[in-house]
Amino acid sequence: MSAFDKYLHAVIVRAMDEAQDDGSATIDAHHLLLSLAADQGSTAQQVLASVGLDRAAVREALDREFEHSLSMVGVSPAAYDLPRPSRASQQPKMGASARLALERSFASARKKDLRSAHLLLGILQAQIGTVPRALALAGIDQAELADHVRQTLNSQDQ
């Protein structure tokens, strides 16, 4: 097993914990993003931190996106005492958004060259979904952040 395979496994295990904490039956791209933001010292974590997105800020942005989505259908979380989700009892399976993010990541470089920033780039390349909505609500320019990731990867290659 390569070093990147071990790293990817650790990212997915953390994302699985995030999904279980959310009560989700699937690991989605936003769970991968939370996992990367919590990965102290990785390039992905450093790029996210450079725009103010540590794990807590990503969680806050995702919570804001959830509240915004509820408000679009006329539900105000402030008006109801909504319970926190119960931790999922079964191990979550890989969801479509996470699979697509991983596929985009793997397509961005040869396997031997893959790093944490490639995973982040795969997540940021999504045009629709929870992550783009959460980043927009947090005031993060997703295209600019993806460009920053590409620049970081290019500077590491030199």
Side-chain angles (χ1 to χ4, degrees), residues 7-8 10-88 92 94-108 114-156:
Y7 173 77
L8 179 60
V11 167
I12 291 172
V13 167
R14 276 194 310 273
M16 186 182 307
D17 287 341
E18 295 287 356
Q20 283 183 306
D21 287 346
D22 280 351
S24 178
T26 58
I27 301 167
D28 294 306
H30 64 275
H31 298 121
L32 292 173
L33 183 61
L34 284 163
S35 178
L36 290 176
D39 186 28
Q40 293 298 315
S42 72
T43 301
Q45 181 268 326
Q46 291 169 358
V47 169
L48 289 169
S50 75
V51 295
L53 290 175
D54 60 6
R55 192 217 167 271
V58 171
R59 171 50 46 200
E60 184 179 317
L62 291 168
D63 290 346
R64 195 173 318 126
E65 186 279 332
F66 180 70
E67 290 174 12
H68 179 74
S69 294
L70 286 177
S71 72
M72 297 302 287
V73 294
V75 176
S76 169
Y80 299 95
D81 188 21
L82 299 175
R84 289 288 306 155
S86 300
R87 184 169 169 83
M94 193 65 68
S97 65
R99 275 195 308 272
L100 288 171
L102 292 174
E103 287 174 15
R104 288 188 298 266
S105 301
F106 301 152
S108 66
L114 288 170
R115 295 186 295 276
S116 68
H118 291 101
L119 294 177
L120 178 57
L121 186 58
I123 294 167
L124 295 175
Q125 288 173 329
Q127 299 297 310
I128 58 171
T130 302
V131 171
R133 288 190 307 266
L135 292 175
L137 287 168
I140 303 294
D141 183 322
Q142 184 174 339
E144 190 176 293
L145 182 56
D147 285 342
H148 181 42
V149 173
R150 285 184 196 93
Q151 290 170 2
T152 300
L153 284 166
N154 288 337
S155 70
Q156 290 177 343

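One is the number of the first residue; the rest follow in order along the sequence.
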Identify the two heavy atoms, one from Gln142 and one from Ala126, that lie closest to each other, and give their separation to 0.1 Å.
-> NE2-O, 2.7 Å

Take atom CD of Gln46 as the centre, draw a 6.0 Å sphere, and report whether it contains more than 12 heavy atoms from other residues, nucleotides or ligands.
-> yes

Nearest 0.5 Å please: distance from the CG atom of Asp22 over to the CZ atom of Phe66.
-> 9.5 Å

Side-chain heavy atoms of Leu145 within contact of Leu48, under 4.5 Å = yes

Quick one: pull up CD in Gln20 and NE2 in His31 and give me the separation to the nearest 0.5 Å.
-> 10.0 Å

Heavy atoms only: give me the nearest Ala117-Val149 pair and the separation to one decimal.
-> O-CG1, 3.3 Å

Hey, what do you get for CD (Glu18) to NE2 (His30), rounding to the nearest 0.5 Å?
-> 9.0 Å

Which atoms form the tightest heavy-atom contact between Asp39 and Gln45, and what is the distance?
-> O-CB, 3.1 Å

Tightest non-hydrogen contact, residues Ser105 and Leu119, listed as OG-CA, 3.3 Å

Kindly compute the distance separating CZ (Arg133) from NE2 (His68), expressed to the nearest 0.5 Å.
-> 8.5 Å

So, for His118 and Leu153, which heavy atoms are closest and what is the spacing to 0.1 Å?
-> CE1-CD2, 3.4 Å

With a 4.5 Å heavy-atom cut-off, do Arg104 and Leu121 have their side chains touching?
-> no

In Å and rounded to the nearest 0.5 Å, what is the CG to CG distance from Asp28 to Leu100?
-> 10.5 Å

Measure from the side-chain N and O atoms of Ser35 to the backbone N and O of Val11, and report whether any donor-acceptor pair falls under 3.5 Å.
-> yes

State plainly whether the residues Glu103 and Arg99 are in salt-bridge range, i.e. N to O under 4.0 Å.
-> no

Run the side chain to side chain contact (heavy atoms under 4.5 Å, CB included) check on Thr43 and Gln156 step by step: do they pass?
-> CA-CA 10 Å; Thr43 301; Gln156 290 177 343; 3.0 Å; yes

Closest contact, heavy atoms only, Ala134 versus Leu62 | CB-CD2, 3.8 Å

How long is the gap from CG on Leu33 to CG on Leu135, to the nearest 0.5 Å?
-> 6.5 Å

Using a strict cut-off of less than 4.0 Å between a Lys/Arg side-chain nitrogen and an Asp/Glu carboxylate oxygen, indicate whether Asp17 and Arg14 qualify as a salt bridge.
-> no

Compute whether any side-chain donor of one residue and acceptor of the other, for Ser69 and Glu65, lie under 3.5 angstrom apart.
-> yes

If only atom types and distance count, is the side chain of Ser116 paired as donor or acceptor with the main-chain N or O of Ala44 below 3.5 Å?
-> yes

